Amino acid sequence: MVFVRLSDEIERHIKALLAQSPSGEIELQRNSLAIYFRCVPSQINYVLATRFTLQHGFLIESRRGGGGFLRISRLPLGTFEELARDIFESAGESVSQPEAAAVIKRLEAEGLISVREARLMLAAVSSEVIRESPSAGNRLRAALFKNMVAAVFKR
């Protein structure tokens, strides 16, 4: 028997809807999704907050209330140069493991790095490898991450 988490199912459903949208944008109602998945709206909020962030390549607009909606858009990547610059700017001098992992997974999902490159990068920025204090570890992770991105994007 395969155990599938509800969060995974919600994420998969939203991504399938986005894939079907010619504009790369969808509008949903939080309560309708919650009814569809037989969960509380906060479960939908959790999935959106953890799996549909800017680092993952999504923009979410939300309007609450009776006619409230969620507009989820997939952000375009742009050129390699723009993407590398954006990654360097967002990493800055410090980057957490989840932030670095989100960007790496997006690069893999978009086909900009291979599965093998993604695995190597994820291993290098993991908290199991970087065992410094949180602030020192995040600075070291940012330096490693930016160097790996530069190496991968070098033409």
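Small disclaimer: the values here were computed from a predicted structure and weren't measured. Just so you know, residue 1 is the first one in the sequence shown, and it goes up from there.
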Chemist: If Ile, Leu, Val, Met, Phe, Trp and Tyr residues are connected whenever their side-chain heavy atoms lie under 4.5 Å apart, and connections chain through other members, are Leu120 and Ile104 in the same group?
Modeler: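 No, it is not one cluster - the side chains of Leu120 and Ile104 are not joined through contacts under 4.5 Å.
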Chemist: Could you measure the distance from the OG1 atom of Thr50 to the CG atom of Asn45? Nearest 0.5 Å is fine.
Modeler: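 Result: 10.5 Å between the selected atoms.
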Chemist: With rounding to the nearest 0.5 Å, note down the distance linking CZ in Arg119 to CD1 in Ile113.
Modeler: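 Interatomic distance, Arg119 CZ to Ile113 CD1, rounded to 0.5 Å: 11.5 Å.
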Chemist: Under the criterion side-chain contact (heavy atoms from CB on, under 4.5 Å), I'd like the reasoning laid out for Phe37 against His13: C-alpha separation, chi angles, the key distance, then a yes or no.
Modeler: CA-CA 10 Å; Phe37 285 102; His13 178 75; 3.5 Å; yes
Chemist: Under a single-linkage definition using a 4.5 Å side-chain heavy-atom cutoff for Ile, Leu, Val, Met, Phe, Trp and Tyr, are Leu17 and Leu33 assigned to the same hydrophobic cluster?
Modeler: yes
Chemist: Give the minimum heavy-atom separation between Pro41 and Asn31, together with the two atoms involved.
Modeler: CG-OD1, 3.4 Å
Chemist: Mind running side-chain contact (heavy atoms from CB on, under 4.5 Å) on Leu48 and Ile72 for me, showing each step along the way?
Modeler: CA-CA 9 Å; Leu48 295 173; Ile72 305 171; 3.8 Å; yes
Chemist: With no hydrogens and no angle check, just 3.5 Å: does a side-chain donor-acceptor pair link Gln43 and Ser7?
Modeler: yes
Chemist: Listed by chain and number, what are the salt bridge (charged side-chain N to carboxylate O under 4.0 Å, His left out) partners of Glu61, not counting sequence neighbours?
Modeler: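 With sequence neighbours excluded, Glu61 shows a salt bridge (charged side-chain N to carboxylate O under 4.0 Å, His left out) to Arg71, given in chain and number order.
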Chemist: Closest approach of Val125 and Ala100, non-hydrogen atoms and distance?
Modeler: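 Distance-wise, the nearest heavy atoms are CG2-CB, 4.1 Å.
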Chemist: Nearest 0.5 angstrom please: Arg30 CZ to Ile35 CD1, how far?
Modeler: 13.0 Å
Chemist: For Glu99, which residues count as a side-chain hydrogen bond (donor to acceptor under 3.5 Å, both in side chains) partner, sequence neighbours excluded?
Modeler: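 In terms of side-chain hydrogen bond (donor to acceptor under 3.5 Å, both in side chains), with neighbours along the sequence ignored, Glu99 is linked to Ser96.
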Chemist: Can you pull out every side chain to side chain donor-acceptor pair (under 3.5 Å) where at least one residue sits in residues 134-145? Sequence neighbours excluded, please.
Modeler: Asn138-Arg141
Chemist: My understanding is that only residues two or more places apart in sequence, or in another chain, count here; which of them pass salt bridge (charged side-chain N to carboxylate O under 4.0 Å, His left out) with Glu11?
Modeler: Lys15, Arg51
Chemist: For Glu132, give me all partners under salt bridge (charged side-chain N to carboxylate O under 4.0 Å, His left out), at least two apart in sequence or on another chain.
Modeler: none
Chemist: State whether the side chain of Ser114 and the backbone N or O of Glu117 hold a donor-acceptor pair below 3.5 Å, judged by distance alone.
Modeler: yes
Chemist: Kindly indicate, with the supporting measurements, whether the criterion side-chain contact (heavy atoms from CB on, under 4.5 Å) is fulfilled by Thr53 and Phe58.
Modeler: CA-CA 5 Å; Thr53 64; Phe58 298 95; over 6 Å; no
Chemist: Looking only at non-hydrogen atoms, find the nearest pair between Cys39 and Leu6 and report the distance.
Modeler: CB-CD2, 3.6 Å
Chemist: Roughly how far apart are Phe69 CZ and Glu27 CD, rounded to 0.5 Å?
Modeler: 5.0 Å
Chemist: Could you report the tightest heavy-atom contact between Gly24 and Leu18, atom names first, then the distance?
Modeler: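 Scanning both residues completely, I find the closest heavy atoms to be O-CD2, 3.5 Å.
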Chemist: By the salt bridge (Lys or Arg N to Asp or Glu O under 4.0 Å) test, which pairs, at least two apart or in different chains, include something from residues 33-45?
Modeler: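 Passing the test, one end in residues 33-45: no pairs.
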Chemist: What about Phe52 and Tyr36, same hydrophobic cluster or not, with Ile/Leu/Val/Met/Phe/Trp/Tyr joined at side-chain heavy-atom distances under 4.5 Å?
Modeler: yes
Chemist: What is the minimum heavy-atom distance between Ala123 and Val129, and which atoms define it?
Modeler: O-CG2, 3.2 Å
Chemist: Do other residues, nucleotides or ligands put more than 12 heavy atoms under 6.0 Å from the NZ atom of Lys105?
Modeler: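 No, because the 6.0 Å sphere around NZ of Lys105 holds 12 heavy atoms or fewer from other groups.
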Chemist: Less than 4.5 Å apart, side chain to side chain, heavy atoms only: is that true for Glu108 and Val115?
Modeler: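 In short, these two side chains touch, coming nearer than 4.5 Å.
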Chemist: Taking it one step at a time, do Ile130 and Leu144 satisfy side-chain contact (heavy atoms from CB on, under 4.5 Å)?
Modeler: CA-CA 10 Å; Ile130 301 175; Leu144 283 168; 3.9 Å; yes
Chemist: Ile10 and Tyr46: same hydrophobic cluster, using ILVMFWY side-chain contacts below 4.5 Å?
Modeler: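 Yes; tracing contacts between hydrophobic side chains, which count when under 4.5 Å, links both residues.
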Chemist: Is Ile60 reachable from Val47 through a run of I, L, V, M, F, W or Y residues, each pair having side-chain heavy atoms under 4.5 Å apart?
Modeler: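 Hydrophobic grouping puts Val47 with Ile60.
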Chemist: Given side chains that start at C-beta, do those of Leu112 and Arg106 come closer than 4.5 Å, heavy atoms only?
Modeler: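 No. Closest side-chain heavy atoms not under 4.5 Å.
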